[in-house]
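Okay, so here's the structure we're looking at.
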Amino acid sequence: MARMAFFKGEGLPPGMQRVGAGGEIDLHAKKEFEKHVGRALATNPDCLVIDLTEATFIDSTGVSVLVSALRRIRANGGRVELVCTNPNVLRVFEIAGLERLFPIHDSLDELLAVVAAPA
Amino acid sequence: VTSATVQRLDRRLRLVAEPSGLRTARDFAEDAASEIGFTGDECFQVKLATSEAVANAIEHGAPCEDGRIGLRVTGERGALVLFVCDGGTFTAPLADAGELSERGRGLAFIAVLMDEVELRPGDAGTVVRMAKRRAA
């Protein structure tokens with residue numbers, strides 16, 4: 001079973017939102033995943049972090065939710081960043097060519113350090 | 001590996017034609033791949049391909065007459081063949097309209113993961129046949 005949550009602004013810099021998606025992110029989890037991403041996007045963030053730290057599986061419908069989020073946020077000049085270390089999930093990202101579309105971080109702390117670093 | 005590799009297997013499963021059945025489909029495929037001696041990576045590829053084919057049948061196809069989706073796996077001499085049968089008429093998804101396209105990705109995944117994939121339209125529905133050989 002998948003586990004989803006929208007952590008509204010919790011512990012994040014202004015303009016950043018985080019959605020956590022754990023477990024198996026497949027067609028069964030798609031609606032729930034879309035719902036949480038939709039709630040996060042409704043706040044018009046500059047950056048949406050989709051945190052897949054606890055994800056163990058993702059299929060093409062899960063990938064579609066990520067790509068859809070990117071398409072929607074780009075229309076407002078925003079960006080999506082991913083947190084993921086699970087090898088099976090990263091393997092699917094590789095197959096789908098997602099490394100070209102999304103920055104992928106090992107942890108939320110690493111992501112926040114990158115964001116806070118001077119350009 | 002704790003269990004001995006089996007030389008032959010032939011198993012069938014009638015799966016509930018709902019997204020909640022996907023995990024059962026994945027376990028069914030992964031177990032069979034493991035039992036005929038596929039590596040962990042190969043088992044994952046078979047598992048993902050099966051999940052994509054079944055999800056496709058659930059989302060875009062129709063159940064068989066008994067309200068279910070049929071799965072069959074056969075294994076022999078290091079090769080695995082999976083059949084996913086539904087009662088729908090398969091129509092090819094729209095061509096991929098670029099990297100931000102959200103359609104047709106499942107079949108593209110299967111093509112990368114398996115050695116062979118074939119769609120067989122029939123009178124009673126559609127059969128997706130997918131085959132993969134164990135690395136020598």
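Note that this is a predicted model, so its numbers are computed, not measured.
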(message) Testing the basics here: between A:S64 and B:R105, what is the closest heavy-atom pair and its distance to 0.1 Å?
(response)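 Closest pair (atom of A:S64, atom of B:R105, distance): OG-NH1, 3.5 Å.
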(message) At a 4.5 Å cut-off on heavy atoms, which part of B:Q45 comes close to chain A: side chain, backbone, both, or neither?
(response)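 Answer is side chain: those atoms of B:Q45 sit under 4.5 Å from chain A.
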(message) Less than 4.5 Å to any heavy atom of chain A: does that hold for the side chain of B:S51, its backbone, both, or neither?
(response)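 Just its side chain gets close to chain A.
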(message) Please check this pair: side chain of A:T85 against backbone of A:D106, looking for a donor-acceptor N/O pair closer than 3.5 Å.
(response) no
(message) Between A:N88, A:I95, A:L98, who has the most heavy-atom pairs with chain B when the cutoff is under 4.5 Å?
(response)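 Top count of heavy-atom pairs under 4.5 Å with chain B: A:N88.
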(request) Please determine if A:R3 and A:E54 form a salt bridge, counting it only when a charged side-chain N lies under 4.0 Å from a carboxylate O. (result)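 Yes, this pair counts.
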(message) Counting only non-hydrogen atoms closer than 4.5 Å, does A:I58 touch chain B with its backbone (N, CA, C, O), its side chain (CB onward), both, or neither?
(response)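 Contact with chain B involves the backbone of A:I58 alone.
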(request) Please confirm whether B:R26 makes a cation-pi placement over A:F57, using NZ or CZ under 6.0 Å from the six-membered ring centre and within 45° of the ring normal. (result)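 Verdict for A:F57: a cation-pi partner in B:R26.
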